[in-house]
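First comes the structure, then the notes that go with it.
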Amino acid sequence: MTVQPQGGTTDRVEGTLLGGACGDALGVPYEFGSAPLAAGEVPRMIGGGLGPYAPGEWSDDTQMAVVIARVAAEGGLGDGAALDAVVEGWTDWLRGGASDVGNQTRAVLGEVAAGSRSTPAEDARLASYGLHARTGHTAGNGSLMRTAPVALAFLDDPAALTERARAISGLTHADPLAGDACVLWCHAIRVAVLDGVVPDLADLVAELPAERRDRWAGWVADAENGHPADFAPNGFVVTALQAAWSAIRHPWPDDSPTVGGLVAAVHAGNDTDTVAAIAGAVLGAAHGATSLPQQWLDDVHGWPGLRADDLRDLARRVSRRR
Ligand SMILES: [Mg+2]
């Protein structure tokens, strides 16, 4: 019989990536109404969705997070070379492994792949900020959905976490709100891993620039007072975060708070895999991989040919790198 470390930090480090991946795979079948989900129905990892995906397969949310995690495990995320490696990893993914890609991410990475002007990270920033200047609409949920590995890379350095979470968000999502959401969520993951509880998100608004703290405090309060489906459509990073936070605060009845929160997140509707991936990172960080059903851990898998044990290994390596 294998003895799992109940509630240990390692369990929570592993739970961060596994919770996100399981949320992603649980939400995939129901993304934008791909499969019906009745009001009282418990979602299952039946595949389908926009891929279409195999049962238990994760989507772009986890695929892009894996790219960040691999760079972080190899050499950390602290310098410019790491950001270049992340962008190169994403463009390789776009060419080879991407099963579905968000609009903003596709626009930015497509521009990077089309021709090099500078370093990969600088090219990405130029494309990202150019898109923002042209459209004014770059606050999609696509940087928040992949941000969890950044938190694991800076568990011991909250100031660096703030800076790097925003920098990695800005590689594709120039809007300050997308950066804010990544900073806020990464701090929630960090505290959850270290303390073994879901932190009070309202307290962490202090990590954000002073001029936007009041807005974020209001958005967090609205999420706590509302239900996950109140924040659909949730392609906007703020409503995606609100839907995920509302699901964490209003879980379905289940012995595992992670399962209950993820079921509630999928019932938010709309971008179900992303909302559940976002929620799953904080839930797994707080309650550990041991809060996930064995069946989910057996089934969950995805690009680039990884399974649950590979994500455990990756998560541990990221957290130990610094
Ligand atoms: Mg997805």
Side-chain angles (χ1 to χ4, degrees), residues 16-35 37 43-69 86 89-110 138-149 168-169 171-173 178 181-182 185 228 231-237 239-241 243-244 247 261-263 265-284 296 299-306 308 311:
T16 303
L17 294 194
L18 282 170
C22 285
D24 185 352
L26 192 69
V28 150
Y30 310 98
E31 188 176 13
F32 300 110
S34 298
L37 186 65
R44 293 178 300 125
M45 292 182 184
I46 54 175
L50 298 185
Y53 293 93
E57 186 176 2
W58 61 64
S59 71
D60 56 336
D61 313 57
T62 307
Q63 293 166 3
M64 292 192 82
V66 163
V67 170
I68 298 174
V86 166
W90 285 339
T91 51
D92 287 348
W93 161 77
L94 188 65
R95 277 191 286 262
S99 39
D100 70 292
V101 186
N103 292 337
Q104 253 183 269
T105 296
R106 185 184 290 284
V108 170
L109 295 182
T138 57
N141 61 25
S143 65
L144 178 60
M145 73 183 193
R146 64 178 196 229
T147 201
I168 292 170
S169 175
L171 294 173
T172 51
H173 289 62
C182 290
W185 213 246
F231 305 98
N234 44 47
F236 176 37
V237 70
T239 48
L241 184 146
L262 289 181
V263 170
V266 175
H267 273 281
N270 202 241
D271 200 352
T272 45
D273 61 312
T274 293
V275 171
I278 293 165
V282 164
L283 289 163
W296 288 5
D299 292 348
V300 76
H301 71 282
W303 183 91
L306 304 186
L311 290 189

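On a predicted model such as this, the values are computed, not experimentally measured, just so you know. Just follow the structure's listing: the first ligand is 1, and inside any ligand the first atom is 1. Note that these values count all heavy atoms, side chains included, but never hydrogens, waters or copies made by symmetry.
- Here the side chain of Asp299 pairs no donor or acceptor atom with the backbone of Ile46 at under 3.5 angstrom.
- The two residues Gly102 and Asp60 make their nearest non-hydrogen contact at N-OD2, 3.9 Å.
- When distances to the Mg ion (ligand 1) are checked against a cut-off of 2.8 Å, Met145 contributes no N, O or S atom below that limit.
- Among heteroatoms of the N, O or S kind in Asp61, OD1 lies nearest the Mg ion (ligand 1).
- Shortest distance from the Mg ion (ligand 1) to Asp273 is reached at OD2 (N/O/S atoms only).
- Within Asp60, the N/O/S atom positioned nearest the Mg ion (ligand 1) carries the name OD1.
- Summarising the geometry of Arg146 relative to Thr105, their closest heavy-atom pair is NH1-OG1, 4.4 Å, with the distance given to 0.1 Å.
- No side-chain heavy atom of Phe236 sits under 4.5 Å from any side-chain heavy atom of Asp271.
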